[in-house]
Amino acid sequence: MRAADIGGVHIKYLHHCERQLWLFARGFRPEFLSAAVQLGEAVHETSYRRDSPVDLGAAQLDHLDGAHWVHEVKSSNRPSDADRAQVVHYCFRLHEIGVPAAGGILKYPKTRRTEKVVYGPAEQEQAVADIDRALAVAHQSRPPSRRARSACRGCGYFDYCWSE
Ligand code: SF4
């Protein structure tokens, strides 16, 4: 895996759980069976159908507006560090291809919340550091430890991690 292969989902998982990132980077995809993820997709499809996704190769963002703000729709109730890091990663990838992304707008339809993340030099540094960290985790020979069970609620890998 190379830096160019790291996408927004890798970065989101890095901030949520290193073990989740490690499994995802190895092709484990149990989250497609998860009710939580299916709900997320349903919220996404019914709430913001007018937006079209933007394909950046490894990264796929929901929508980029005319003022270069990245719009991301989330199924959770409130913003998290993982959501912020993911949108910062998208801005970084856009700058790499010459699009001057201004930042991200995170939307939470379930609670009608919105959060703006401005992209600047500190966020650029964070994006570079996150890609390095994600690569280091993905290349570990052993899976990182599980999080506390209480932090795993809703994770698509729950059955895999806790079935023994
Ligand atoms: S179930 Fe818990 S330990 Fe396993 S990947 Fe998900 S958050 Fe990490």
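Read the numbers this way: they start at 1 and go in the same order the structure lists the ligands and their atoms. FYI, side chains are in, hydrogens and waters are out, and symmetry mates aren't considered; it's all heavy atoms of this structure. Everything numeric here is computed off the predicted structure, so don't read it as measured data.
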- prompt: Would you find a donor on one side and an acceptor on the other, under 3.5 Å apart, between the side chain of Arg78 and the backbone of Arg113?
  reply: no
statement: In ligand 1, the atoms that come under 4.0 Å of a heavy atom of Tyr157 are 1 (S), 5 (S)
message: Can you tell me which residue among Asp83, Thr114, Asn77 is in a side-chain hydrogen bond (donor to acceptor under 3.5 Å, both in side chains) with Tyr108?
response: Asp83
field: Identity of the nearest option to atom 1 (S) of ligand 1, non-hydrogen atoms only, from Cys152, Gly156, Pro143
entry: Cys152
- prompt: Side chains of His15 and Asp130: donor-acceptor distance under 3.5 Å anywhere?
  reply: yes
message: Quick one: does any side-chain atom of His139 pair with a main-chain N or O of Leu135 as donor and acceptor, under 3.5 Å?
response: yes
message: Is Cys155 close enough to atom 8 (Fe) of ligand 1 that one of its N, O or S atoms comes in under 2.8 Å?
response: no
task: List the closest protein heavy-atom neighbour of atom 4 (Fe) of ligand 1: residue, atom name, distance to the nearest 0.1 Å.
output: Cys161 SG, 2.3 Å
- prompt: For Arg112, does the CZ atom have more than 12 heavy-atom neighbours from other residues, nucleotides or ligands under 6.0 Å away?
  reply: no
field: For ligand 1, the portion of His16 having any non-hydrogen atom under 4.0 Å away
entry: side chain
message: I'd like to check which ligand 1 atoms, numbered from 1 as shown, lie under 4.0 Å from a non-hydrogen atom of Phe158.
response: 1 (S)
query: Hey, which atoms in ligand 1 end up nearer than 4.0 Å to a heavy atom of Gln20?
result: 5 (S)
- prompt: Is the CD atom of Glu96 crowded by more than 12 outside heavy atoms at less than 6.0 Å?
  reply: yes
query: Is it true that Glu123 and Arg84 make a salt bridge, defined as a side-chain N closer than 4.0 Å to a carboxylate O?
result: no
- prompt: What residue and heavy atom of the protein are closest to atom 3 (S) of ligand 1, and at what distance?
  reply: Arg147 N, 3.3 Å
statement: Per-atom filter on ligand 1: closer than 4.0 angstrom to a heavy atom of Cys17 are 3 (S), 5 (S), 7 (S), 8 (Fe)
